[in-house]
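To start, the structure under review is shown below, and the notes come after it.
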Amino acid sequence: MEKPAILGGTPVRDEKIYYGRQWVSEEDIAAVSEVLRGPYITCGPKVTEAERVLERYTGARHAVVVNSGTSALHCACIAAGVGEGDEVITTPITFAASANCALYCGAKPVFADIDPETYNIDPDSIRKCITDKTKAVIAVDYTGQAVKADEIRAICDEFGLIFIEDAAHSIGTKYNGKYVGNIADMTCFSFHPVKTVTAGEGGAILTNDDDFYTKLVLAHAHGITHDEALMEDAPHEGDWYYEEISLGYNYRMTDFQAALLISQMNRIDEFVARRKEIVARYDEAFANVPGIIIQKNIPESDTSRHLYVIRLDLEKLTCTRREFFDAMSAENVQCQIHYVPVYWFPYYRHLGYEKGLCPNAEEVYKGIMSIPLYPRMTDKDIEDTIHAVTKLATYYAK
Ligand SMILES: *Cc1c(COP(=O)(O)O)cnc(C)c1O
């Protein structure tokens, strides 16, 4: 049996690899430079072009690009009419932004539990969380796997709720043959560097609904309109005139970021294919490793995975998750944990949320760990990661 590096053995590799990393090409750099040399570095044609690219890719009618995935979620909540006194249902196994956006609007995030095998929000638990204050459901495609959108749609229709999909992980995923972005009432993407395509920082909201679209455009740019049809004081005084008709923000993406996004979108099929290839290798390698549980994928989701999450079966191992994580680091395979249940954070605790709220989420959290997954990984990186996981699972097996 091989000795873990943390106990004095030889690490599986010399150079550290990380759980995720962007892939910026020379073409991407050239596309950004071209915009920087031109007249419009913001509010120009690249932003509009990026929106058309996302609409074409997903099949959605409208896209609005913004400066982050968090801004995208905030705009979606505003467009949904989320406000003071409302409740918004989401999952605790997500990045905090999925719940914070409800707080930005003065609403209360309500946490539904997850399915213990897919780790996605459980539609039955959503149902149990509904009150007469519920306004929207923010369902997160955790790791890139689509949520059970048909069931969530049916619940939202039954109770008159707005279905927002936090698709920060899942651009490129299809649900029943349809691209994510063209499924929920509004879908939010993130273009942070670890995500599938990047704009440095950035996000987008997609919708098929004209009314949501109008509200999203206003929310992301000061609530200002140049459209006479929307003005209160039309006919207006002259061509310079515009009106602020709602409270909006400055969540605009710059044109050089949009150029990076467009250039990255040229390679999305390649990125998705490589991610799927790596996931298939991992699934096969870990299928029969005692102590390692792999995430279940529902057949409706043709998943472009953003994260590869292994779950330690701690009953079958002599180590703790902390020890396994530190031992992976010593092998030079840097993992990450996605995520601490949102309501465990002090800020949420101070708002009155208590541990024990979502037992499945808390149980799953104890064992999960994201191992490296990004398109630029070499075959050796993949083999080293598999080696490290199996080496440690073997060493720490009961
Ligand atoms: C990354 C992420 C966000 C936030 O996106 P940013 O672009 O970083 O603001 C929201 N939700 C989830 C699930 C994410 O992973």
Side-chain angles (χ1 to χ4, degrees), residues 18-22 50 54 63-78 88-105 109 111-112 114 118-121 136-147 149 152 163-173 180-181 184 186-206 216 219-220 249-254 257-258 260-261 264-265 275 295 301 303-309 336-343 345 348 361 364-365 368 370 373-374:
Y18 295 89
Y19 84 88
R21 190 174 176 190
Q22 75 274 15
L54 293 172
V64 179
V65 298
V66 291
N67 62 354
S68 74
T70 303
S71 304
L73 287 162
H74 188 192
C75 288
C77 285
I78 293 169
V88 174
I89 298 172
T90 191
T91 169
I93 300 295
T94 185
F95 184 60
S98 314
N100 290 346
C101 57
L103 295 174
Y104 297 160
C105 294
F111 295 97
I114 61 167
T118 66
Y119 316 147
N120 266 335
I121 196 165
V137 174
I138 301 179
V140 179
D141 299 325
Y142 175 69
T143 73
Q145 174 170 210
V147 290
I152 296 172
F163 176 12
I164 299 169
E165 193 167 353
D166 179 343
H169 298 181
S170 60
I171 191 169
T173 291
V180 163
M186 286 178 270
T187 303
C188 299
F189 289 145
S190 164
F191 306 122
H192 180 277
V194 294
K195 308 289 163 72
T196 300
V197 290
T198 188
E201 294 277 2
I205 316 98
L206 289 99
L216 292 167
H220 96 297
Y249 296 82
N250 180 356
Y251 284 165
R252 287 191 302 257
M253 179 184 274
T254 66
Q257 288 173 297
L260 176 55
L261 177 59
Q264 288 257 304
M265 285 298 291
R275 283 178 180 275
Q295 188 183 358
S301 178
T303 305
S304 169
R305 219 171 272 280
H306 154 58
L307 298 173
Y308 193 94
V309 171
Q336 184 52 276
I337 308 298
H338 299 95
Y339 297 91
V340 175
V342 174
Y343 60 82
F345 288 126
Y348 277 81
V364 165
Y365 164 69
I368 51 175
S370 306
L373 174 60
Y374 50 91

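For ligands, and for the atoms within them, numbers begin at 1 and follow the listed sequence.
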Y339 heavy atoms within 4.0 Å reach ligand 1 at atoms 15 (O)
Out of all atoms in ligand 1, which are within 4.0 Å of some heavy atom of T94? Include the element for each.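 The atoms of ligand 1 under 4.0 Å from a heavy atom of T94 are 13 (C).
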Give me the nearest non-hydrogen protein atom to [atom] as residue plus atom name, then the distance to 0.1 Å.
atom                    : result
atom 5 (O) of ligand 1  : S190 OG, 3.3 Å
atom 4 (C) of ligand 1  : T70 OG1, 3.6 Å
atom 10 (C) of ligand 1 : D166 OD2, 3.6 Å
atom 15 (O) of ligand 1 : H169 NE2, 2.8 Å

For S98, is the nearest heavy atom under 4.0 Å from an atom of ligand 1? yes
Between ligand 1 and G202, can you find any atom pair, the residue atom being a heavy atom, that is separated by under 4.0 Å? yes
In chain order, what residues pass the ring-ring contact (aromatic ring centres under 6.0 Å, His included) check against H338, with sequence neighbours excluded?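 Applying ring-ring contact (aromatic ring centres under 6.0 Å, His included) to H338 gives Y19.
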Angle between ring planes, F191 versus F189, binned at 30° and 60°: parallel, tilted or perpendicular?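 Rings of F191 and F189: tilted, 30 to 60°.
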How are the rings of H169 and Y339 set relative to one another: parallel (under 30°), tilted (30 to 60°) or perpendicular (over 60°)?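 Ring orientation, 0 to 90° scale: parallel.
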Tell me which one of A168, S170, C101 gets a heavy atom nearest to atom 12 (C) of ligand 1.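 Selected option, by shortest heavy-atom distance: A168.
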Option with minimal heavy-atom separation from atom 14 (C) of ligand 1, where the choices are K195, H74, H192, H306: K195
Residues T143 and Q295: side-chain donor-acceptor under 3.5 angstrom: yes
Quick one: pull up OG1 in T196 and CZ in R305 and give me the separation to the nearest 0.5 Å. 11.5 Å
Where on F189 is there a heavy atom closer than 4.0 Å to ligand 1, on the side chain, on the backbone, on both, or on neither? neither
Min side-chain heavy-atom separation V147-T91 under 4.5 Å: no
A168: partners by side chain to side chain contact (heavy atoms under 4.5 Å, CB included), with sequence neighbours left out: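 By the side chain to side chain contact (heavy atoms under 4.5 Å, CB included) rule, A168 matches D166, S190, K195.
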side-chain contact (heavy atoms from CB on, under 4.5 Å) with C75: of T70, I205, V64, only one passes, and it is I205
Check whether any N or O atom of G69, backbone or side chain, sits under 3.5 Å from an N or O atom of ligand 1, and answer yes or no. yes
